[in-house]
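Here's the structure, in C-alpha cells; my notes come after.
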Amino acid sequence: MLKRTHNCNQLTTEHVGQTVALAGWVNAYRDHGTGLIFVDIRDREGLTQLVFDTEDASQELLEQADKLRNEFVIAAEGTVRVREGGPNPKLATGEIEVVVQRLEVLSASETPPFLPNDEKGDLPREEVRLKHRYIDLRRPAMQQILKTRHRVTKVVRDYFDEQGFLEIETPILCKSTPEGARDFIVPSRNQAGNWYALPQSPQLFKQLLMVSGCDKYLQICRCFRDEDPRADRQAEFTQIDCEMSFVEREDVMQTMEGVVRRVFKEVMGVEVPTLDRMPYHEAMDRYGIDRPDRRYGLELVDLSEACANSEFKVFQGALAKRQGMIKAIRVPGGADKLTRKMTDGYTEFVKQFGAGGVPVVKVNAEGKPETGIARFIEAEWPAIAELTGAEPGDTILFGADSRTTCLKAMGELRIKIAKDLDLIDESKWDFLWVVDFPMFEYDEEGGRFYAMHHPFTAPEPSQIDAFLNADPKDVDTIEGIVSAGYDIVCNGSEIGGGSIRIHNQQVQSKVFELLGMSKEEAKDKFSFLLDALQLGAPPHGGIAFGLDRLVMHLTGTDNIRDVIAFPKTQIGADLMTEAPSQVSEDQLKELHVLEVEIEE
RNA sequence: GGGGCGGUAGCUCAAUUGGUUAGAGCAUCGGACUGUCGAUCCGAAGGUUGCGGGUUCGAUUCCCGUCCGCCUCGCCA
C-alpha cells in the first residue's frame with residue numbers, strides 16, 4: 001500500500017518540487033475529458049487538489065483516474081507544484097496541486113446516499129444522516145466537533161492531573177437503587193432472578209473512593225438514565241465526574257471554576273471571569289428558573305404585594321392559592337415589537353406549564369396602561385409602574401398562579417420572548433454558580449419529600465443541627481433547610497452540579513428517613529454506604545459536568561446528537577446498527593428471562 | 001402517556017379546489033471538452049408519494065389507523 005507522507009491540509013508552496021503521497025476520500029472530481037482530470041482528495045484535516053494530465057501522466061494512469069468516483073478511498077503519489085490555473089483562496093492548500101504519478105484505489109465506493117460536503121448546504125434529514133453516520137461524520141463540521149470534544153477531555157485530564165486527581169474507573173454493572181431516574185437493567189446469568197443496573201452516575205462509588213483514601217478522583221464516564229430524551233438530553237451521556245476529600249464547598253467551587261476557565265480559554269480563547277454566586281431563591285424570583293441566562297434582561301418583577309387588594313379576579317384567584325404570587329415581565333418597546341398574535345400565542349405557550357394565560361397591557365404615551373387588562377389594574381398601576389419601571393411604549397406581561405406554576409410559566413416565557421425578539425447576544429458568555437438549594441422539595445400530591453439534588457447531598461454546615469432536630473412532619477422547616485450544593489450555569493444551561501456530601505452516618509440516615517425510606521429499606525439498599533460512613537469517611541465533595549452539553553456550548557450546536565459520534569433517536573434506537581433488537585430464545589433462557597405477551 | 005411538525009426519485013424540495021403521463025436541482029449513467037476548483041455543455045435513466053385501510057369515476061391531496069424522525073409536556077434523585 002502506498003503510505004502517505006502528508007495530510008490533505010498540509011502542503012503549501014514550501015513543498016513545491018517535493019514528491020509526496022496523500023491518502024483519503026475523493027471529495028470531488030472534475031473531468032475535462034481526454035487529458036485533464038482534477039480530483040479533490042479529502043482527509044480529516046482538509047482538501048488537496050490532485051491533477052492528472054497527458055503531459056505528466058501515462059495513458060494508463062489517466063484511464064485509472066477516469067474511473068474515480070465520489071467517496072472512493074485512494075492513495076496518490078506525485079509532485080507538488082504551484083497551480084497553473086491560479087490559487088483557490090478557499091483552501092489552505094489552495095496555492096498548490098499534486099501532479100499524480102502513481103494512484104492506488106484502496107477501496108471503491110457505491111454511489112453514496114449523500115455527500116459529506118458542508119458547502120453543498122441542504123443537509124439530508126437527520127434520519128438519513130444517522131443511518132449512514134459514518135458518512136455524516138466525514139463532514140468537516142462533524143470532524144471539527146469530534147476534535148473539539150477530544151480537546152476538551154484532554155484539557156480536563158491535564159488540568160486535574162496537575163491538581164493531583166487520579167482517574168479511576170468504576171463499575172458499569174451496578175446495583176439498582178431507588179429514587180432518581182428509571183434504571184436500565186441487565187439480567188444476571190449466574191444469579192437467576194437478579195439484575196444489575198447501569199449507573200445513572202458513579203455517585204456512590206466516587207464517595208467510597210474518598211472513604212478509600214484516594215483523596216482526589218476524576219472520571220470521564222458514561223451514564224445511563226432510561227428517560228425520554230430532549231434536544232440537550234440523551235439516555236446515554238457522558239459526565240466529567242470529580243470528587244475531593246478534606247474540602248468545604250468553597251474549595252470545590254474554586255477548583256472546578258479553574259477547569260471551566262482552562263477549557264474555555266484553551267478551546268475557545270474565551271476568558272471566564274470570577275463567577276458570581278446566586279442563591280437558588282434569588283434565581284427563581286428574578287428569572288423563574290434555577291439556571292438563569294443573564295445575557296438579556298426581562299427579569300421577573302414581583303407584584304404580589306402591590307396587587308394584594310386587586311379586584312381583578314385572576315389576581316385574586318392566584319393569591320388565594322398556597323404560595324400564590326403575581327409576577328410581571330416588562331418588555332421594553334414591546335408595544336411595537338409584540339404583536340397581538342404573539343401575545344395570544346404566549347397564553348397558549350404558558351398553558352403547557354399549567355398556567356391559565358398571560359394578561360397583557362401596553363403602556364401609552366402618557367405612561368398609562370391600555371388594552372388587555374388595563375381597566376382591571378387602574379388602582380394598582382402607580383405601584384406596578386414603579387416596580388416594573390414601565391415606560392411609554394412598553395408591554396407588561398403578567399403571570400398569576402401558585403408559586404411553582406407562576407415561576408415556571410414566567411421563567412419559560414422570559415426565554416421565549418428573548419428568542420422571539422432576538423434579545424440574546426450570542427457573542428456574550430454568562431457563567432455563574434447557583435447555590436443554597438433547598439435540601440428537599442415537598443410533593444403535595446404524594447405527601448412526601450424528594451431530594452432536590454440527590455440524597456447524599458449534605459446540609460449547609462450551619463444547618464446541620466436544625467436538620468437533625470427537624471420534625472419530619474414540619475414541612476416548612478424542612479423545606480427551608482439549605483444544602484451545600486452548587487450548580488454551574490453557562491448561558492442558561494446547567495453544565496455541572498455537585499455538592500459537599502454527607503460523611504456522617506446519622507445525617508445520612510436522617511435523610512433516608514425524611515425521604516420516607518424505612519430503616520430496613522435503607523439497610524437493604526445502602527448498607528454499604530452506611531457502613532462505610534462509620535468506618536472512617538473523610539469530609540468530601542465534588543461535582544459532575546455534563547460533557548455533552550459543555551461541548552455543545554463550545555461548538556455552538558443546539559442538538560446533543562451532533563456532539564455524540566453515534567447517538568440514539570427519540571425512542572432509543574441506533575438507526576445505523578438497528579439496536580435495540582431481538583435476541584435468541586437461548587440467550588433469554590440462559591439469563592432466566594421469560595418473554596411475555598402483555599394484553600393491552 | 002399527551003400536544004405539535006414532518007415523511008414524494010439516492011439526496012434536497014415542488015405539485016393550484018381531489019383531475020392529463022407526479023416535476024426541478026444535485027447525485028447516477030452515457031457523450032463532449034486541457035486549467036477546473038460546488039467545473040461546464042448535451043442526453044438518458046431514475047417513483048410502492050412511509051405502510052395499511054376507507055371515501056370517490058378519480059387520492060401525493062380528504063378521513064381512520066399504524067410505523068419512523070424531530071420539537072415539546074410529563075419524566076430526567
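To find a chain, count down the sequence lines: A is the first, B the second, and so on, and within it residues start at 1. Computed from a predicted model, the values in this text were never measured in an experiment.
Comparing the same atom, P, in B:U56 and in B:U16 gives a spacing of 23 Å after rounding to whole Å. When the C1' atom is compared between B:G46 and B:G54, the two are found 32 Å apart, to the nearest whole Å. The separation of B:C26 from B:G38, taken at their P atoms, amounts to 14 Å, rounded to a whole angstrom. B:G58 sits 14 Å from B:G19 when the P atoms are compared, rounded to a whole Å. Comparing the P positions of B:A24 and B:U36 gives an interatomic distance of 30 Å, to the nearest angstrom. Rounded to whole Å, the separation between the P atoms of B:A14 and B:G6 comes to 10 Å. Only the P atoms considered, B:A59 is 12 Å distant from B:U21, to the nearest whole Å. When the P atom is compared between B:U60 and B:G53, the two are found 14 Å apart, to the nearest whole Å.
At the heavy-atom level, A:Tyr29 lies under 4.0 Å from the strands shown only through sugar-phosphate atoms. Counting any heavy atom pair closer than 4.0 Å across all strands shown, A:Glu126 reaches sugar-phosphate atoms only and no base atom. Using a 4.0 Å heavy-atom distance criterion, A:Ile571 is classed as a sugar-phosphate-only contact. Using a 4.0 Å heavy-atom distance criterion, A:Gln49 is classed as a base contact. Heavy atoms of A:Arg230 sit under 4.0 angstrom from at least one base atom. A:Phe456 comes within 4.0 angstrom of nothing in the nucleic acid, heavy atoms only. Base contact: A:Arg81 has a heavy atom under 4.0 Å from a base atom.
The base of B:C33 lies outside donor-acceptor range of the side chain of A:Arg30, with no N or O pair under 3.5 Å. Contact of A:Glu97 with B:G35 (side chain to base): a donor-acceptor pair of N or O atoms is detected under 3.5 Å. For A:Arg83 and B:C37, a side-chain-to-base donor-acceptor distance below 3.5 Å is present, hydrogens and geometry of angles not being considered. In the interface, the side chain of A:Arg225 is not paired with the base of B:C76 through any donor and acceptor atom under 3.5 Å apart. Remark: the A:Arg129 side chain and the B:G69 base include no donor-acceptor N/O pair separated by less than 3.5 Å. A donor N or O paired with an acceptor N or O is found under 3.5 Å between the base of B:G74 and the side-chain atoms of A:Asp228.
Residues A:Phe114 and A:Gly86 each lie close to RNA chain B; by heavy-atom proximity, the contact nearer the 5' end of the strand is made by A:Phe114. Toward the 5′ end of RNA chain B lies the nearest nucleotide of A:Pro113, the other residue of the pair A:Pro113 and A:Leu36 mapping further downstream.
For the residue pair A:Arg81 / A:Thr79, no side-chain donor-acceptor distance below 3.5 Å is found, with atom types taken as modelled. A side-chain N or O of A:Thr577 and one of A:Asp574 form a donor-acceptor pair less than 3.5 Å apart. When only modelled atom types and interatomic distance are considered, A:Asp420 and A:Tyr346 share a side-chain donor-acceptor pair under 3.5 Å.
Between A:Arg233 and B:G74 there is no side-chain N or O to OP1 or OP2 distance below 4.0 Å.
Figure legend. B:C26 is base-paired to B:G10; pairs are counted as Watson-Crick or G-U wobble with both atom distances under 3.5 Å. The nucleotide B:G69 finds its pairing partner in B:C5, both defining distances of the Watson-Crick or G-U wobble pair being shorter than 3.5 Å. The nucleotide B:G74 finds no pairing partner, because no Watson-Crick or G-U wobble arrangement with both distances shorter than 3.5 Å includes it. Using the Watson-Crick or G-U wobble rule with both distances under 3.5 Å, B:G58 pairs with nothing in any strand shown.
Across residues 67-76 of chain A, A:Arg69, A:Asn70 each have a non-hydrogen atom less than 4.0 Å from an atom of RNA chain B (numbered order).
One atom, CD1 of A:Ile415, and another, C1' of B:U72, lie 14 Å apart when rounded to the nearest Å. With rounding to whole Å, A:Leu130 atom CG is found 15 Å from B:G7 atom C1'.
Both the sub-6.0 Å distance and the 45° axial angle are satisfied by A:Arg448 relative to the ring of A:Tyr450.
Partners of A:His454 according to the ring-ring contact (aromatic ring centres under 6.0 Å, His included) rule, which considers only residues two or more places apart in sequence or in another chain, are A:Phe456. Listed by chain and residue number, nothing satisfies the salt bridge (charged side-chain N to carboxylate O under 4.0 Å, His left out) test with A:Glu60 (two or more places apart in sequence, or in another chain).
Side-chain contact between A:Val73 and A:Ser109 is absent, with no heavy atoms from C-beta onward closer than 4.5 Å.
Checked against the 6.0 Å centroid criterion, the rings of A:Phe526 and A:Phe512 qualify as a close aromatic pair.
Centre separation under 5.5 Å together with a plane angle under 30° does not hold for the ring of A:His32 and the six-membered base ring of B:G35, so they are not marked as stacked.
The pair A:Glu71-A:Arg138 meets the salt-bridge criterion, with a side-chain N (NZ, NE, NH1 or NH2) lying under 4.0 Å from an Asp/Glu carboxylate O.
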